[in-house]
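To keep things clear, I will list the structure first and then write my remarks on it.
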Amino acid sequence: METLISKDLSLAWTLLTKGEIIAVPTETVYGLAADFRNPKAVKEIYRVKNRPEYDPLILHCSSIEMIKENLVIEFPEIAIKLADAFWPGPLTMILPKRKTVLDIVTSGLNTVGVRIPAHALLQNLISELNFPLAAPSANPFGYISPTSPQHVKAQLNGKIPMILDGGNCKVGLESTIVEIKGDSLKILRSGAISIEDLQKFDVNISFNSVSSSRPSAPGMLESHYSPKKSLYFIDDPLVKSFEGTKAGIICFSTYSEVFPSENQILLSPEGKLDIAARNLYSALREMDESNFEVIITERFPNHGIGHAINDRLNRAVTRK
Ligand code: TXA
Ligand code: MG
């Protein structure tokens, strides 16, 4: 089976309704989607991704009504405020789940991750389906998330019938995940909705620390989002020993003087962090597929979405 890249919404509708899994575009990264009520389809997601079943899926909806009717037992005041400010958009909220949500979707947790993505094609699809889509990022477990249909096809060709073509993802990094408990927010994964954005609300904010087994968000696994080649920060003492090694360098806005410029990718020559975030994963993939022996990356300014870029790089770098 050759995986079809297509904009055909009615084909996507038919496949999902029949219990098949397909890749769908979102503004963050491509997702691998299934009817959340269909245990066989959901299991197939784990199988195709080679993902451990302890890692729960996010549910994608087209309206708050859909979330309330199908997924959560409460939608507290703070969730309403965050939804007003950031949905549709790259924010996932973890809320107490309805008993009817399958355990295979939430890995047996009593909470569920929900978001309304900001991608017109996907929104149309979900409202036509009239049920939530369970979808993790459409990459093999642990590898870099896909931000284009071609990225999905490079890894999953032949394993799924279709990739719904929504072009390149505008954000380029996975959603910010917040767990809501009373009037407190715990940030489980950073993203385009930044800490600074969340601090504008009258809430207590805490962070989850990194975990290496059965974490509450395995996007928080210490090692994740990794290329196959070794990746190092440019300030790693080991980098000095790479003299004579063919290294590919990922920079923010200006070339490093230490390496030949033809071996470097600038993520945003204009120095914009949101553009750097959009280009990060395709640059990592390009380097991974090139004939460079190792990949080296700069660190990014640690504010706004720069915090999320650094977070992903920290999880992707090679540990000794
Ligand atoms: O931007 C995104 O969030 C993308 C697009 C496709 O929406 N999805 C995505 O899904 O990144 P995934 O599965 O690759 O990452 C979702 C993370 C996982 O680390 C999972 O452990 C965590 O969300 N998660 C899901 N449900 C959870 C829950 N009930 N409690 C804690 N963490 C949860
Ligand atoms: Mg993922």
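Index from 1, following the sequence. Atoms within a ligand are numbered from 1 in the order they appear, just like the ligands themselves. In this text, all values refer to a predicted model and were calculated from it rather than measured experimentally.
Listed for the Arg312 side chain is no donor-acceptor partner under 3.5 Å among the backbone atoms of Ile144.
For the atom pair Ile309 CD1 and Ile250 CD1, the distance stands at 11.0 Å (nearest 0.5 Å). Rounding to the nearest 0.5 angstrom, the gap separating the CZ atom in Arg51 from the CG atom in Asn139 is 8.5 Å. Distance check: His307 NE2 to Ile305 CD1 gives 12.0 Å after rounding to the nearest 0.5 Å.
Residues Lys153 and Thr3 bring no donor and acceptor atom of their side chains to less than 3.5 Å of each other. Neither side chain, Ser268 nor Arg278, offers a donor N or O lying under 3.5 Å from an acceptor on the other. Side-chain contact check for Gln155 and Arg285: at least one donor-acceptor pair (N or O, by modelled atom type) lies under 3.5 Å.
Using 4.0 Å as the threshold, Glu179 has no heavy atom nearer than that to any atom of ligand 1. For the pair Leu188 and ligand 1, a heavy-atom separation below 4.0 Å is found.
Of all atoms in ligand 1, numbered sequentially from 1 with element shown, those under 4.0 Å from a heavy atom of Ile94 are 27 (C), 28 (C), 29 (N), 30 (N), 31 (C), 32 (N), 33 (C). Those atoms of ligand 1 that come under 4.0 Å of a heavy atom in Ser175, given as number and element, are 1 (O), 2 (C), 3 (O). Atoms of ligand 1 found under 4.0 Å from any heavy atom of Glu174, numbered from 1 in the order shown, are 1 (O), 11 (O). Which parts of ligand 1 touch Thr111 is read off a 4.0 Å heavy-atom cut-off, strictly below it: atoms 28 (C), 29 (N), 30 (N). Remark: ligand 1 atoms within the under-4.0 Å shell around heavy atoms of Pro136 are 10 (O), 12 (P), 13 (O). Against a heavy-atom cut-off of under 4.0 Å, Leu109 is close to the following atoms of ligand 1: 28 (C), 29 (N), 30 (N). Near His60, meaning under 4.0 Å from one of its heavy atoms, ligand 1 places the atoms 5 (C), 6 (C), 7 (O).
Residues Tyr225 and Tyr143 keep their aromatic ring centres 6.0 Å or farther apart.
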Next item on the list: Evaluate side-chain contact (heavy atoms from CB on, under 4.5 Å) for Thr92 paired with Val114, printing each intermediate quantity in order.
Entry: CA-CA 5 Å; Thr92 296; Val114 295; 6.0 Å; no
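Closest heavy-atom approach to atom 20 (C) of ligand 1 within the set Leu57, Val24, Asp55: this belongs to Asp55. When the heavy atoms of Pro56, Ala135, Ala192 are ranked by distance to atom 25 (C) of ligand 1, first place goes to Pro56.
On a distance-only criterion, Thr28 and ligand 1 share at least one N/O pair closer than 3.5 Å. Annotation: Arg189 places an N or O atom under 3.5 Å from an N or O atom of ligand 1; distance criterion only.
Note on Asp103 versus Lys97: salt bridge recorded, some NZ/NE/NH1/NH2 to OD/OE distance being below 4.0 Å.
Of all the heavy atoms of Lys97, none lies under 4.0 Å from any atom of ligand 1, so neither backbone nor side chain is involved. At a 4.0 Å heavy-atom cut-off, ligand 1 touches Arg51 through the side chain alone.
Taking backbone and side-chain atoms together, Ser145 has no N/O/S atom less than 2.8 Å away from the Mg ion (ligand 2).
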